[in-house]
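The next block holds one structure in the form of structure tokens; read it before the comments.
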Amino acid sequence: MNGVWARRLLPPLVGVLFLLGWETAVSAWDIPPFVLPPPTAVAHALWNDAPLLLQSSWITLIITVQAFLLALTSGVALAVLFKQSRTLEAALYPYAVILQVTPIVAIAPLVVIWVGYERVNLALLVLAWIVAFFPVLSNSTAGLAAVDPNLRDLFRLYGASRWQMLWRLQLPSALPYILAGAKISGGLALIGAVVAEFVAGSGTATGLAWRVIEAGNRLNMPRLFAALVLLSILGILIFALLSWVQRLLLRRWHPGGTG
Amino acid sequence: MTGDLFQLSGLSLTYPNGTCALDGVDLSVAEGEFVSLLGPSGCGKSTILRLVAGLMEPTGGRLNWLLPVARGDIGFVFQEPTLMPWARIIDNVRLPLDLAGVPKGEGNDRAADGLVRVGLGDFQKAFPAEMSGGMKMRASLARALVTNPRLLLLDEPFAALDEITRLKLNDDLLSLWYAQRFTALFVTHSVFESVYLSGRIAIIGPRPGRVVAEVPVPLTFPRDLSVRTGTDYGAICRDVSDRLHAAMGLAA
Ligand SMILES: Nc1ncnc2c1ncn2[C@@H]1O[C@H](COP(=O)(O)OP(=O)(O)O)[C@@H](O)[C@H]1O
Ligand SMILES: [Mg+2]
């Protein structure tokens, strides 16, 4: 019991202590607000700029969610295709890796130019997708290969078709891997969206990242911090939601799950 | 005496990596018979089962079916329960029927029936992770029998279970065999288990495997606990054990 309470209570307690220390330090040492605003000023900015910041959060969230869903579907679909054809896998996998290892910041300007500044949200989507895509692909590929060999023999013994193998054996076996990949990819989609917006730059994009840049340029530190707070809240929400889905779907696989 | 179900003649298998697992296995199995393959670990027992199941092609010799076998005529029980962890027990047992395109309603009836026969009637909705090793093995048996197979292949199915559960499952397997009249090919490395279960024991020598001795078990069916405590049983086990050791080139 003690352990559970410690895990529930300690994080918020640490957070409150940290904020108190921050507030005291700022006033005690007279730190100017454009270097480090006190938490109360950040809270003020959150409250006063709420309409603007929430709208920007919404834009970032939409791009992140779209990029994530695109990454999830395309990653799983490509892994399934690779599973059907070794040749296709051999031909394309290296390019997926190249896409993954090339720093997104380096390709971002190109993508923005190609897609066009007038469609900057689409460019952001493409960039966030590139960042989020690979973990789903590599985890799904690993998952589709991680079938219990005896179960596979059993399916073969009963003359299962390719289709039955895929739907009844390979995809369910891969589910834990796919979900683990999705959890990574959800966080990366947000990072991708933010980085892309930084690169797309001035005024065309209006998501949270742009608010960070804008506030930084104007030395409006409370608003900058407020935007950062909202970004981490988005990240936490995405992670929590995906963890919840993962637990829900895998409950039955582990002992102790209730039927 | 009924006729042979299948015959292995000069059956050989060399794995792609060059391991010669079997070299000239000769064995005939009659319909309705209960035959055990007894031998040390690594002698090729699992390989024989996989060849008979059609999961591999022999690299030499022949496997002749004397009666027609179609899809679903062969059931396979592995050493592990090999259930799908994401599916309820009833769905696991129904799998062979699903794969054969049997309508789900009929499949459910037959799977439920099979679960009752292995004593799991109340566990249709359970998930594998919620069941003990013995129960999972029963579910695995029910799945292998749900198509009413002509031949049941069992690869050390009870080796990972505790002694008490294993003895109980031995009796249950025999009861199912009396009731459903399938042919059983049972792999084990336990002398006691092979003598208790089978009508005939084929002793497989160390690698490359071949049948080095065939021992009929002169005990009548049905068998129960009284067999295990009888003097005949002990003598037969002793004899089989001696032959097994001779096959392995060791002193008895
Ligand atoms: N897929 C494989 N590739 C290469 N060698 C194998 C393979 N499977 C089994 N073997 C080898 O073949 C021999 C017989 O294996 P197996 O049939 O599993 O024996 P048993 O079931 O009697 O323990 C062993 O030496 C094993 O290492
Ligand atoms: Mg084996």
Side-chain angles (χ1 to χ4, degrees), chain A residues 72 76 79-80 83-84 86 139-183 242-259, chain B residues 46-47 49-56 69-102 107 122-133 136 140 143-144 146-147 149 151-153 155-157:
Chain A
L72 188 62
V76 173
V80 167
K83 184 79 200 168
Q84 305 304 312
R86 278 271 160 80
N139 274 40
S140 305
T141 307
L144 289 172
V147 170
D148 174 351
N150 285 340
L151 263 180
R152 195 185 50 222
D153 281 346
L154 198 77
F155 272 68
R156 282 178 54 210
L157 180 69
Y158 291 113
S161 64
R162 246 172 190 230
W163 189 248
Q164 287 173 323
M165 280 276 190
L166 179 65
W167 277 104
R168 291 174 171 274
L169 182 61
Q170 288 161 350
L171 279 176
S173 300
L175 188 64
Y177 294 78
I178 295 174
L179 290 171
K183 220 157 119 182
L242 290 174
S243 303
W244 177 73
V245 170
Q246 188 182 33
R247 262 206 312 280
L248 193 74
L249 289 180
L250 297 186
R251 195 169 45 170
R252 269 75 187 258
W253 295 42
H254 304 295
T258 45
Chain B
S46 299
T47 306
L49 284 202
R50 292 170 55 78
L51 286 169
V52 172
L55 293 169
M56 291 188 302
V69 283
R71 175 161 114 159
D73 277 341
I74 301 179
F76 207 121
V77 181
F78 301 89
Q79 181 171 348
E80 307 298 324
T82 313
L83 300 170
M84 302 177 287
W86 57 85
R88 295 178 193 277
I89 291 304
I90 182 99
D91 299 326
N92 264 293
V93 172
R94 206 187 54 238
L95 176 75
L97 303 176
D98 286 349
L99 292 177
V102 174
D122 295 336
F123 293 90
Q124 289 187 19
K125 296 271 188 263
F127 283 91
E130 300 162 4
M131 313 204 339
S132 70
K136 281 189 273 201
S140 188
R143 176 182 60 193
V146 78
T147 56
L151 173 65
L152 184 62
L153 304 170
D155 194 353
E156 305 193 33

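Proteins come first, then strands; the chains are lettered A, B, ... in the order of their sequence lines, and each starts at number 1.
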Inset, instruction - Can you tell which part of B/Asp98 gets under 4.5 Å to a heavy atom of chain A, answering side chain, backbone, both or neither? - result: both

Legend entry - Beyond-backbone contact of A/Val147 with A/Met165, side-chain heavy atoms, under 4.5 angstrom: no

Legend entry - Set of residues satisfying ring-ring contact (aromatic ring centres under 6.0 Å, His included) with respect to A/Trp163, sequence neighbours excluded: A/Trp167

Legend entry - Any B/Glu80 side-chain heavy atom under 4.5 Å of A/Asp148 side chain: no

Kindly list each side-chain donor-acceptor pair under 3.5 angstrom involving residues 170-183 of chain A, sequence neighbours excluded, with atom names and distances?
residue, atom, partner, partner atom, Å
A/Ser173, OG, A/Leu169, O, 2.7
A/Lys183, NZ, A/Gln246, OE1, 2.9

Inset, instruction - Can you tell which part of B/Arg50 gets under 4.5 Å to a heavy atom of chain A, answering side chain, backbone, both or neither? - result: side chain

Inset, instruction - Sort out for me which of B/Pro85, B/Pro128, B/Ala144 touches chain A most, counting heavy-atom pairs under 4.5 Å. - result: B/Pro85

Inset, instruction - Look at A/Asn150, A/Leu157, A/Leu249, A/Leu151 and state which one has the largest set of heavy-atom pairs under 4.5 Å with chain B. - result: A/Asn150

Inset, instruction - Decide if atom CZ of B/Phe123 counts as having more than 12 heavy atoms of other residues, nucleotides or ligands within a radius under 6.0 Å. - result: no

Inset, instruction - Measure B/Leu95 against the heavy atoms of chain A and call it side chain, backbone, both or neither at under 4.5 Å. - result: side chain

Legend entry - B/Phe78 portion near chain A, given a 4.5 angstrom heavy-atom threshold: side chain

Legend entry - Residue pair A/Asp153 / B/Thr82, side-chain heavy-atom distance below 4.5 Å: no

Legend entry - Residue selection (most heavy-atom pairs with chain A, distance under 4.5 Å) from B/Ala126, B/Gly75, B/Pro96, B/Ala100: B/Pro96

